[in-house]
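I have placed the structure first, in the form of structure tokens, so that the comments after it can refer back to it.
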Amino acid sequence: MSHVVVIGAGQAGSSLVAKLRSSGFEGQITLIGEENAPPYQRPPLSKAYLLGEMEKERLFLRPEAYYADNGITLKLGQPVTALDAAARTVTVGGETLSYDHLALTTGSIPRRLPASIGGDLEGVFTVRDLKDVDAMAPEVTEGRRVLIVGGGYIGLEAAAVCSKKGMQVTLVEMADRILQRVASPQTSDYFRDLHKSHGVDIREGVGLSHLTGEGRVSGAVLSDGSDLALDMVIVGVGILPATGPAEMAGVELENGIKTDAHGRTSNPSIWAAGDCASFPYKGGRIRLESVQNAIDQAECVALNIMGAGKDYVPEPWFWSDQYDTKLQIAGLNTGYDEIVTREAEGTLSFWYYKGDQFLAVDAINDPRGYMVGKRLLSMGKSPDKTAVADPATELKALLKA
């Protein structure tokens, strides 16, 4: 009987094993995760869960009983200690498993501050898994002073939670503007104003020189020479693909675990999906860090393990919740040269174009704009810019133009 072993029990790993079973795979399935919890959602960690508005069990992607009911062996709380690609074996928890196909859905790891600048001090946190947020939550209390390092989505979401909890929040972003790597200046402007209206002190073009404190963080010196007194620090400076098991297996790496369009690595019996995997896209190679990619790529790999021979073509979408504002993004804005702004009926959206080609949309409290933009992208349509900008234009009409 064929045995599929999946290393990495996150969104991608859970999606992959579920797709195998629902598609009629009758062999053995083993899902291995380093954490003790069954596969769970990560996005709410820095939002509803940290705010105390979501119970831990509601994070779980599926009830734990689902796996046993579907003949999926869960091995949790145990890292992989050895991987022999030639022998097709994985060692976990002192047990050596043989596999026919191995899928790596190992996700990503947060970038941490170097110990040389105080990254190892107590009171310095990253936001990546349950353990991180459970450790941080008791510290997020009214009146305390927090420094957020990094003005991407994780940093801004953490800033919103801390502000809502009544903390004194300072956020530093070394680049010229928050969200510079992922969004337009217009989107950055909107979220800068939003956070400032909630009392967050945003400092752009300013980095962290070093943290201070004896054993526990008590302050920070910034790159402009200013000093801050602090009670805690939250670091949101990006993530790196988790490639440890891939390195054990000796598969090729390129911005993560290098796969072909089917999700297969340089070893024909080893596959990869999710944050850890890079894949061919429009003549280049990309790696996507999103729920959409974790689910869709993993499901595609599951079908290909079963022989489908299907190329993975992403239809990217993302979201971020900050205060009472919901940002929804469809598409990839890479290479844009023009932004079309649409304001209508209390909604706001920014539409990215390269020449006349529509690339992506940032929709702010505008679910209709998001859904229409997403549909246009899937149809390969580029709406007229003047029509998009005109608040009198009925968005659904763009789908028929």
Q: Check each of K165, R145, R216 against E139 using the salt bridge (charged side-chain N to carboxylate O under 4.0 Å, His left out) test, and report the only one that passes.
A: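 When salt bridge (charged side-chain N to carboxylate O under 4.0 Å, His left out) is applied between E139 and each of K165, R145, R216, only R216 qualifies.
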Taking the side chain from [X] and the backbone from [Y], do they hold a donor-acceptor pair closer than 3.5 Å?
{"X": "S188", "Y": "R177", "result": "no"}
{"X": "Y67", "Y": "L31", "result": "no"}
{"X": "N304", "Y": "G307", "result": "no"}
{"X": "R111", "Y": "G236", "result": "no"}
{"X": "R287", "Y": "D275", "result": "yes"}

Can you check whether [X] reaches [Y] side chain to side chain, under 4.5 Å on heavy atoms?
{"X": "L399", "Y": "V372", "result": "yes"}
{"X": "E157", "Y": "S320", "result": "yes"}
{"X": "E204", "Y": "D176", "result": "no"}

Q: Identify the residue among L228, L230, I234, V161 that makes a side chain to side chain contact (heavy atoms under 4.5 Å, CB included) with V146.
A: I234
Between the side chains of [Y] and [X], is the shortest nitrogen-to-carboxylate-oxygen separation below 4.0 Å, so that they form an ion pair?
{"X": "K56", "Y": "D134", "value": "yes"}
{"X": "R42", "Y": "E35", "value": "yes"}
{"X": "D321", "Y": "K164", "value": "no"}
{"X": "R285", "Y": "E252", "value": "no"}

Q: Check W271, Y281, F279 against Y312 for a ring pair (Phe, Tyr, Trp, His ring centres under 6.0 Å) and give me the one that passes.
A: F279
Q. Knowing that exactly one of Y353, F350, Y352 qualifies, which makes a ring pair (Phe, Tyr, Trp, His ring centres under 6.0 Å) with F358?
A.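 Going through the options one by one, the only one that passes is Y353.
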Identify the heavy atoms of [X] and [Y] that sit nearest to each other, and give their distance.
{"X": "I178", "Y": "R192", "value": "CD1-N, 3.6 Å"}
{"X": "L398", "Y": "V388", "value": "CD1-CG2, 4.0 Å"}
{"X": "A298", "Y": "A294", "value": "CB-O, 3.0 Å"}
{"X": "V172", "Y": "V206", "value": "CB-O, 3.5 Å"}
{"X": "A220", "Y": "L208", "value": "CB-CD1, 3.8 Å"}
{"X": "P245", "Y": "L104", "value": "CB-CD2, 4.1 Å"}

Around atom [atom1] of [X], are there more than 12 heavy atoms of other residues, nucleotides or ligands at under 6.0 Å?
{"X": "R375", "atom1": "CZ", "value": "no"}
{"X": "K381", "atom1": "NZ", "value": "yes"}
{"X": "E64", "atom1": "CD", "value": "no"}
{"X": "M306", "atom1": "CE", "value": "yes"}
{"X": "D337", "atom1": "CG", "value": "yes"}
{"X": "D356", "atom1": "CG", "value": "no"}
{"X": "K354", "atom1": "NZ", "value": "no"}

Spacing of [atom1] belonging to [X] relative to [atom2] belonging to [Y], to within rounding of 0.5 Å:
{"X": "S209", "Y": "D224", "atom1": "OG", "atom2": "CG", "value": "10.0 Å"}
{"X": "S14", "Y": "I295", "atom1": "OG", "atom2": "CD1", "value": "9.0 Å"}
{"X": "L303", "Y": "S23", "atom1": "CG", "atom2": "OG", "value": "5.0 Å"}

**Q.** Any donor-acceptor N or O pair under 3.5 Å, side chains T30, H3
**A.** yes
**Q.** Distance-only polar pair, side chains of R21 and N70, donor-acceptor under 3.5 Å
**A.** no
